[in-house]
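Here is the structure we will look at, set down as structure tokens.
Each chain gets a letter, A, B and so on, in the order its sequence line appears, and its residues count up from 1. Owing to the predicted nature of the structure, the values given are computational and were not obtained by experimental measurement.
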2 protein chains.
Amino acid sequence: MEKDLTTEGRILTAARSIFQQKGLAGARMQEIADEAGINKALLHYYFRSKDKLFERILEEAIGKFLPELFGVWEGEGNILEKIERFVHRYISFVAENPYVPSLILHELTINPEKAGMIRKMGFKPPKDKMMMEVMLGVQAGLIRPVHPMDLILNIISMCVFPVLARNMIQGVMLIDDLTYQEMIETRKKSVADFVIQSLRP
Amino acid sequence: MEKDLTTEGRILTAARSIFQQKGLAGARMQEIADEAGINKALLHYYFRSKDKLFERILEEAIGKFLPELFGVWEGEGNILEKIERFVHRYISFVAENPYVPSLILHELTINPEKAGMIRKMGFKPPKDKMMMEVMLGVQAGLIRPVHPMDLILNIISMCVFPVLARNMIQGVMLIDDLTYQEMIETRKKSVADFVIQSLRP
DNA sequence: AAATTGTTTAACTGTATGGTTAAATGTAAA
DNA sequence: TTTACATTTAACCATACAGTTAAACAATTT
């Protein structure tokens with residue numbers, strides 16, 4: 001249980017952790033209360049129901065996740081520089097907030113209609129910008145021609161999956177915590193290299 | 001509800017589907033019974049408890065997943081050919097059995113200790129073989145030097161993630177079913193190309 | 001001091017759900 | 001036909017859990 005923060009903050013921190021580990025159905029209000037160092041009555045005093053609490057956490061997760069995801073295309077530099085910056089920032093982000101993709105993945109797998117929430121929150125995937133950026137890179141001779149959506153899927157996969165599936169991969173490959181931690185760290189560079197190497201004309 | 005198959009088979013099919021969509025905690029025995037076209041009493045007649053049924057499904061999933069994953073390194077050909085074969089086979093496999101990685105991921109995220117089951121089932125990741133194969137490829141001038149574990153993580157990520165996170169990606173990127181289906185299909189080649197391009201010396 | 005707000009305690013309600021049971025019915029083989 | 005197994009029906013039990021309530025206490029503000 002956290003010492004500092006307000007009670008509401010401690011609840012949110014606890015809820016994030018529990019919901020991420022167990023999902024909506026698997027989480028227990030009592031457990032969240034325990035983790036926050038309070039009791040169930042107070043938990044309901046702050047958040048009327050489990051669903052409301054979960055929705056709050058999910059919205060917060062999406063609100064952190066998407067700007068991070070879409071933001072790259074706004075910055076300076078050519079496509080190679082953007083890729084490098086994106087990979088570094090994105091792996092750092094998911095490594096520090098592993099609950100974010102995990103929650104969204106689980107919830108949207110169970111309940112695909114909830115994707116509507118994304119549009120309601122005003123996010124729009126910058127597909128046009130992506131297309132344009134890749135085309136510019138090709139024309140400038142910086143990269144070979146590729147399908148933009150394929151490229152972006154590849155990059156996101158390599159950034160997110162190793163963090164998202166950490167327990168599974170460690171379990172299957174028998175890798176210890178420290179080694180894995182270091183691997184994630186080195187991947188902030190190596191994934192960008194891997195992509196950039198592949199894009200050589 | 002399926003017409004053919006034995007009752008046990010229909011139960012397993014139903015359980016796979018429900019457990020994949022909702023996870024262990026979210027699944028309902030009644031729902032599994034309905035999907036199998038039988039009643040709850042008969043479901044318990046075949047599988048004593050939810051946990052037993054789930055364990056059966058999970059073991060089955062791991063038993064399908066790991067041989068597919070580790071099998072590549074046994075076949076003929078140089079590393080580039082193996083990568084090409086692996087990507088094609090692996091994406092085909094996960095596309096046809098999306099429940100497999102989904103189940104394992106969710107369960108091992110919640111319950112990392114269950115990774116022990118993998119060792120108990122006699123699977124061992126062929127790390128040595130992977131190392132050796134990559135080193136041979138480097139020595140033969142087929143590929144540039146890379147960290148084998150990084151490479152394998154990249155490949156697996158690009159194969160599994162787009163299928164695993166399909167709902168999330170479609171929701172975020174606003175891609176319709178058919179388009180996505182086609183993308184998965186083309187990725188059976190394009191991912192291999194992407195990797196092989198990256199590995200050029 | 002009084003009022004407001006945050007927090008605890010502890011008991012309680014209602015419901016969803018896993019699991020059981022027993023009796024009846026169907027079905028196929030011995 | 002008898003035996004054994006498969007399946008249904010329908011009721012039932014026990015438990016876990018979300019959510020409520022009321023009374024008391026603590027802390028802060030007015």
Between [N] atom [atom2] and [X] atom [atom1], what is the distance in whole Å?
| X | N | atom1 | atom2 | value |
| --- | --- | --- | --- | --- |
| His44(A) | dA18(D) | NE2 | C1' | 5 Å |
| Ile32(A) | dC17(D) | CD1 | P | 12 Å |
| Ile11(A) | dT7(C) | CD1 | C1' | 11 Å |
| Phe47(B) | dT20(C) | CZ | P | 15 Å |
| Phe19(B) | dG18(C) | CZ | C1' | 12 Å |
| Arg10(A) | dG6(C) | CZ | P | 14 Å |
| Gln30(B) | dA11(D) | CD | C1' | 14 Å |
| Asn39(B) | dT25(C) | CG | C1' | 13 Å |

Legend entry - Glu59(A)/Arg56(A) salt bridge by N-O under 4.0 Å criterion: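 Between Glu59(A) and Arg56(A) there is no salt bridge, as every charged N stays at least 4.0 Å from the carboxylate O atoms.
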Inset, instruction - Run the salt-bridge test on Glu74(B) and Lys129(B) with the 4.0 Å N-O cut-off and return the result as yes or no. - result: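 Looking at Lys129(B) together with Glu74(B), the answer is yes, because their closest N to O distance falls below 4.0 Å.
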Legend entry - Candidate nucleotides dT5(C), dG18(C), dA6(D), ranked by approach to the side chain of Tyr45(A) - the nearest: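 Minimum distance to the Tyr45(A) side chain belongs to dT5(C).
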Inset, instruction - Could you check which of dT8(D), dG19(C), dT7(C) has an atom nearest any side-chain atom of Leu42(A)? - result: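 Comparing dT8(D), dG19(C), dT7(C) against the side chain of Leu42(A), the answer is dT7(C).
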Inset, instruction - State whether a side-chain donor-acceptor pair under 3.5 Å links Thr109(A) with Arg166(B). - result: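 Side-chain D/A pair, Thr109(A) to Arg166(B): absent.
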Legend entry - First encountered from the 5' end of DNA chain D, between Ala27(A) and Ala41(A):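 Its nucleotide being nearer the 5' end, the pick is Ala27(A).
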Inset, instruction - Using a 4.0 Å heavy-atom cut-off across all strands, classify Tyr46(B) as base, sugar-phosphate, or nothing. - result: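 Here Tyr46(B) touches the backbone only, sparing every base.
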Inset, instruction - State, to 0.1 Å, how close Met121(B) and Ile62(B) come at their nearest heavy-atom pair, and which atoms those are. - result: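 Heavy-atom minimum between the residues: SD-CG2, 4.0 Å.
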Legend entry - Under 4.0 angstrom between Arg28(A) side-chain N/O and dA18(D) OP1 or OP2: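 For dA18(D), OP1 or OP2 has a side-chain N or O of Arg28(A) closer than 4.0 Å.
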Inset, instruction - Tell me whether the OP1 or OP2 atom of dT7(D) has a side-chain N or O from Thr7(B) closer than 4.0 Å. - result: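 It does, given that an N or O in the side chain of Thr7(B) lies less than 4.0 Å from OP1 or OP2 of dT7(D).
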Inset, instruction - Report yes or no: is there a donor-acceptor pair, N or O only, under 3.5 Å between the side chain of Lys50(A) and the base of dG19(D)? - result: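 Side chain to base: no pair present.
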Inset, instruction - Decide if atom CG of Asp176(A) counts as having more than 12 heavy atoms of other residues, nucleotides or ligands within a radius under 6.0 Å. - result: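 It does: Asp176(A) CG has more than 12 such atoms within range.
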